[in-house]
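Just so you know, these numbers use all the heavy atoms, side chains as well, and skip hydrogens, waters and symmetry mates. Residue numbers begin at 1 in each chain, while the letters A, B, ... track the order of the sequences.
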Amino acid sequence: MNVVYDTALGEQVQLIGPGQRRFTMYVCGPTVDNSPHLGHGRLAIVFDLLRRHLERRGVEVVMVQNITDVDDKIIDRARRSGMSPVEVAREFEAAWFSALDRLGILRPTKSPRATEWISQMIGMIVEMIDSGSAYRISDGVYLSVDRVEGYPRLSRQDREELLAGARVEVLEEKRSPLDFALWKLVGAEEYGFESPWGWGRPGWHTECVAMSLGLLGEGFDLHGGGMDLVFPHHENEWAQASVLGKRFCRHWMHNGLVEMGGEKMSKSIGNTMSLTEALDRYGARPLRLAYLRAQYRSPLEMGEPVLEESERALERIDDFIRRAQGAEPAVPTPKIEEFATALDDDLDTPRAFAVLFEAVRAGNIALDTGESERARYLADSVAGMLGWVGIGTERLVLSDEVKDLVTRRERAKAERDYATADQIRSHLGEMGYLLKDTRDGPVISRA
RNA sequence: GGCGGCGUGGCCGAGUGGUUAGGCAGAGGCCUGCAAAGCCUCGCACAGCGGUUCGAAUCCGCUCGCCGCCUCCA
């Protein structure tokens, strides 16, 4: 049960050992220099899905996700806006959590900030210098990749080719062009921290090593992030753990990127949509469904057409559950188990949703043929599937006033007083409700 | 230039040697005071060209096209 594709091995592995009850994961979080976009949302959804799935399977999950609150882009933004870097970081950290809360993402067990781990990072860098793996040059401290066994081993690239293809500006003082900064020295007037080498800032890759090992310990179960972090970020984290002589994560997992118009969603291309905007326009549940349509490693097309499609698809599911009055059962049904089994296979959400939609169709047929018990069973199962992946069922609490209006309209309809019935319906519309007459009676939803 | 991956019906998106993926859109039907929904049925697709095979979307080769990484990026 439960295999996942391990980036480092290039094949699927068993994620949970026999009898394992606790699972530790570290997922690279955001650099808080801007509001999160749909790409960040996918990262959050994918690892939230993994977490929920494992928890449903009876495994306790400890999840750490960092907040990178020291970075050049944050400083640039601060400079432009007249705020301090800390203010900028706190503002977008709040935006991050607020958007993810709205999406229904479970909060990580811990969300450490890079700036709160500076002393641990410095300690690690000292150790790396002492062991001869890192060296000091005029502008900072660098890790010598020649000291890293097997480098690069996560991205499985050829070292020579990496060198040949390197577009990095080569610093003469560096021993190898592939060496990367652990500590960058900056002027005293700049945002920074005191260190044995002078005023400066930590390199990007070091924080994750310090925080993952510091909070989860050596040999933690999983390290995750977006596909674009494989190289150099994760490669260079592993390199540091390696020269420190620490066992790093057991497995690596990376989610595919979000595309818009067939191209990677990125700020530099300008084809982004902010998570908040998507939440405002479509709501959390359709958005979640949109994310789960594709397997997590595949690129995922996002944009208005697919979001609208997800809206309609979810409506169909909701309508069925409502018609058959389904509710998530306390104990998973065999149908739910079928859905969950698909998720065991490297989080195969497309297959899982095929199971779900087949249940919807079968349930609708059961309703039409009067097999209400079977319909109810299927509706409960579908509700359970939605619950399993954190979409949940639609809950609309109606005020007494609304209920009364619906009742009055039904009475008017029965008396063939359609003028009154239509008037009430449009009144409900003004109140923000959409009333639809169905074979099973009136149905109210948010307009 | 190197490395990795991909090209599936109008769109999204699974599959990976022989049985229906699934969704959205579209067509037909049912239901219906109106409206808007809802329900049912319907697709025989797999970049091109060769090859292997009794049989290929699925394996091999070539061609074309696309994307990602190699630089900050989820």
Does a donor on one side chain and an acceptor on the other come within less than 3.5 Å for [X] and [Y]?
X: Ser35(A); Y: Ser274(A); answer: no
X: Tyr151(A); Y: Asn236(A); answer: yes
X: Asp146(A); Y: Ser176(A); answer: no
X: Thr206(A); Y: Gln240(A); answer: yes
X: Asn66(A); Y: Glu207(A); answer: yes
X: Thr115(A); Y: Asp69(A); answer: yes
X: Ser111(A); Y: Gln65(A); answer: no

Between [X] and [Y] (side chain of the first, backbone of the second, donor and acceptor by atom type, cut-off under 3.5 Å), is there such a pair?
X: Asp345(A); Y: Asp348(A); result: no
X: Asp48(A); Y: Leu106(A); result: yes
X: Arg376(A); Y: Gln325(A); result: yes

Practice task
For A74(B), take OP1 and OP2 only and decide whether either is under 4.0 Å from a side-chain N or O of Asn255(A).
Solution key: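 It does not, given that no N or O in the side chain of Asn255(A) lies less than 4.0 Å from OP1 or OP2 of A74(B).
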Exercise for the section: Ignoring backbone atoms, establish whether Ser155(A) has a side-chain N or O less than 4.0 Å from OP1 or OP2 of C69(B). Expected result: no
Practice task
Tell me which residues in residues 34-47 of chain A put a heavy atom below 4.0 Å from RNA chain B, sorted by number, or none.
Solution key: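 Per residue number, the list reads His37(A), Gly39(A), His40(A), Leu43(A).
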Handout entry: Residues touching RNA chain B, which here means a heavy atom under 4.0 Å, drawn from residues 23-31 of chain A
Key =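 Contacts with RNA chain B under 4.0 Å: Gly29(A), Thr31(A).
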Once you round it to whole Å, what is the distance between [atom2] of [N] and [atom1] of [X]?
X: Gln295(A); N: U16(B); atom1: CD; atom2: C1'; value: 14 Å
X: Glu338(A); N: A21(B); atom1: CD; atom2: C1'; value: 13 Å
X: Arg351(A); N: G23(B); atom1: CZ; atom2: C1'; value: 17 Å
X: Asn364(A); N: C31(B); atom1: CG; atom2: P; value: 17 Å
X: Asp318(A); N: G23(B); atom1: CG; atom2: P; value: 16 Å
X: Leu257(A); N: C6(B); atom1: CG; atom2: P; value: 15 Å
X: Phe320(A); N: G38(B); atom1: CZ; atom2: P; value: 15 Å
X: Leu314(A); N: G38(B); atom1: CG; atom2: P; value: 12 Å

Problem - Heavy-atom check, side chain of Phe92(A) versus side chain of Asp33(A), under 4.5 Å - result: no
Practice task
Taking the side chain as every heavy atom from C-beta outward, state whether Tyr377(A) and Pro334(A) have any pair of such atoms under 4.5 Å apart.
Solution key: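 Of all side-chain heavy-atom pairs linking Pro334(A) with Tyr377(A), at least one is under 4.5 Å.
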Separation between the [atom1] atoms of [N] and [M], rounded to whole Å:
N: G9(B); M: A45(B); atom1: P; answer: 11 Å
N: C39(B); M: A25(B); atom1: P; answer: 10 Å
N: G17(B); M: C54(B); atom1: C1'; answer: 12 Å
N: U58(B); M: G7(B); atom1: C1'; answer: 14 Å

Closest to side chain of [X], choosing from [options]:
X: Glu259(A); options: C67(B), G13(B), C39(B); value: C67(B)
X: Arg323(A); options: G13(B), G38(B), A37(B); value: G38(B)
X: Phe231(A); options: C40(B), C69(B), G13(B); value: C69(B)
X: Asp319(A); options: A37(B), C40(B), A14(B); value: A37(B)
X: Asp368(A); options: G13(B), C39(B), G22(B); value: C39(B)

Which part of the nucleic acid, if any, lies within contact of [X], taking any heavy atom under 4.0 Å across all strands shown: a base, the sugar-phosphate backbone alone, or nothing?
X: Leu300(A); answer: sugar-phosphate
X: Met227(A); answer: nothing
X: Val258(A); answer: base
X: Leu356(A); answer: nothing
X: Leu229(A); answer: sugar-phosphate

Under 3.5 Å donor-acceptor pairs involving side-chain atoms of residues 384-394 of chain A, not counting sequence neighbours:
| residue | atom | partner | partner atom | Å |
| --- | --- | --- | --- | --- |
| Trp388(A) | NE1 | His53(A) | ND1 | 2.9 |
| Thr393(A) | OG1 | Arg395(A) | NH2 | 3.4 |
| Glu394(A) | OE1 | Arg322(A) | NH1 | 3.0 |

Completion exercise
Counting primed atoms, P, OP1 and OP2 as sugar-phosphate and everything else as base, the B/S/- map of nucleotides 24-30 of chain B against protein heavy atoms under 4.0 Å is SS-----
Practice task
Kindly say whether the aromatic ring centers of Tyr296(A) and Tyr291(A) come within a distance under 6.0 Å.
Solution key: no
Produce the list of close N/O pairs, under 3.5 Å, pairing protein atoms with atoms of nucleotides 44-47 of chain B; give distances to one decimal.
none

Exercise for the section: Could you summarise the pairing of RNA chain B as dot-bracket text, marking Watson-Crick and G-U pairs under 3.5 Å with ( ) or [ ] inside the strand and | across strands? Expected result: (((((((..(((.....[...))).(((((.......)))))....(((((..]....))))))))))))....
Exercise for the section: Return the orientation label for the His233(A) and His205(A) ring planes: parallel under 30°, perpendicular over 60°, tilted otherwise. Expected result: tilted
Ring pair (Phe, Tyr, Trp, His ring centres under 6.0 Å) partners of [X], counting only residues at least two apart:
X: Tyr5(A); answer: none
X: Phe97(A); answer: none
X: His234(A); answer: His223(A), Trp252(A), His254(A)

Can you give me the N/O atom pairs linking the protein to nucleotides 32-34 of chain B at distances under 3.5 Å, or say none if there are none?
| residue | atom | partner | partner atom | Å |
| --- | --- | --- | --- | --- |
| G33(B) | O6 | Arg409(A) | NH2 | 3.3 |
| G33(B) | N1 | Asp422(A) | OD1 | 2.9 |
| G33(B) | N2 | Asp422(A) | OD2 | 2.7 |
| C34(B) | O2 | Arg425(A) | NH2 | 2.7 |
| C34(B) | N3 | Arg425(A) | NH1 | 3.1 |
| C34(B) | N3 | Arg425(A) | NH2 | 3.3 |
| C34(B) | N4 | Asp437(A) | OD2 | 2.8 |

Practice task
State which residues pass salt bridge (Lys or Arg N to Asp or Glu O under 4.0 Å) with Arg281(A); sequence neighbours excluded, sorted by chain then number.
Solution key: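 Scan of Arg281(A) (salt bridge (Lys or Arg N to Asp or Glu O under 4.0 Å), adjacent residues dropped) gives Glu277(A), Glu304(A).
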Handout entry: Pairs meeting criterion ring-ring contact (aromatic ring centres under 6.0 Å, His included) with involvement of residues 352-375 of chain A, two or more places apart
Key =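 Matches after skipping sequence neighbours: Phe339(A)-Phe353(A).
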Practice task
For Ala78(A) and Ser84(A), work out which heavy atoms get closest and say how close.
Solution key: CB-C, 3.7 Å
